[in-house]
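Scroll down for the structure; my scribbles are underneath it.
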Amino acid sequence: MSPAVSPALVSRVREEAEAFFRGARGSHDWDHTGRVLMLCLRIGRKEKADLGVLRLAALLHDIGREKEDRSRGRLCHARSGAVMARKILERHGCDPGTIRAVAEAIRTHRFRKGGTPKTLEARILFDADKLDSIGAVGIGRAFLFAGEVGARLHDKTIDVRKTKPYTREDTAYREYLVKLGRVRDRITTHEGRRIAAERHRFMAAFFDRLNRETDGVL
Ligand SMILES: [Fe+2]
Ligand SMILES: [Fe+2]
């Protein structure tokens with residue numbers, strides 16, 4: 001861990017970050033942050049990154065999500081999360097270099113909006129966050145989300161251009177076709193790509209099987 005980031009600081013930040021997730025939906029809750037943290041450390045060790053920066057960035061990366069949900073998507077949670085994280089870390093007396101590195105990683109962790117992640121720690125946070133949306137965890141989260149918006153279980157023949165998110169047609173399979181199936185192409189680190197390839201294989205096999213089971217041929 002970077003000498004500037006003590007275990008005491010990490011545990012205070014963890015406590016504060018968790019409070020932002022009270023009442024969060026299962027598909028985007030505090031457990032996601034825990035999984036992202038573990039992936040960040042796993043990839044960070046392989047890529048020889050600053051684990052202190054990664055710990056703080058992972059714990060704080062989605063604290064802006066509630067704000068984004070309340071603004072109905074008008075506010076970007078990566079941008080607002082970076083500003084919020086900066087204030088929290090300043091209040092805890094964190095050094096300016098670490099604060100800058102953490103805020104930069106949070107600002108660029110999002111799939112679409114925000115800048116592209118440039119520093120090693122920002123790229124690792126980006127990868128860890130995306131890896132949590134594919135594989136077995138990704139499948140589980142996609143169905144959980146579909147349940148949250150009242151979607152159907154499955155429609156093999158879905159036309160993604162003629163259907164909309166947040167509707168009954170917003171199935172896990174739609175999410176796979178629109179987004180999850182492409183995640184592996186966006187991963188930026190060597191270790192991240194290795195994990196993504198494995199997770200993608202499992203996910204593709206799952207949806208292939210789902211198509212065959214719902215056809216009654218398996
Ligand atoms: Fe996020
Ligand atoms: Fe996230």
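In listed order, ligands and their atoms are each counted from 1. Here, residue 1 is the first one in the sequence, and each next residue gets the next number.
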Restricting to N, O or S atoms of His77, which is nearest to the Fe ion (ligand 1)?
NE2
Between Glu66 and His77, is there a donor-acceptor pair closer than 3.5 Å when you use the side chain of the first and the backbone of the second?
no
Kindly state each residue pair satisfying salt bridge (Lys or Arg N to Asp or Glu O under 4.0 Å) with at least one member in residues 172-190, sequence neighbours excluded.
none
Pairs meeting criterion side-chain hydrogen bond (donor to acceptor under 3.5 Å, both in side chains) with involvement of residues 33-47, two or more places apart:
Arg35-Asp132
Ion pair check, Asp155 and Arg152, cut-off under 4.0 Å
yes
Between Glu90 and Lys87, does any side-chain N to carboxylate O distance fall below 4.0 Å?
no
Can you list the residues that meet the salt bridge (charged side-chain N to carboxylate O under 4.0 Å, His left out) rule with Lys48, with sequence neighbours excluded?
none
Listed as residue and atom, the protein N/O/S atoms under 2.8 Å from the Fe ion (ligand 2) are His32 NE2, His61 NE2, Asp62 OD2, Asp129 OD1
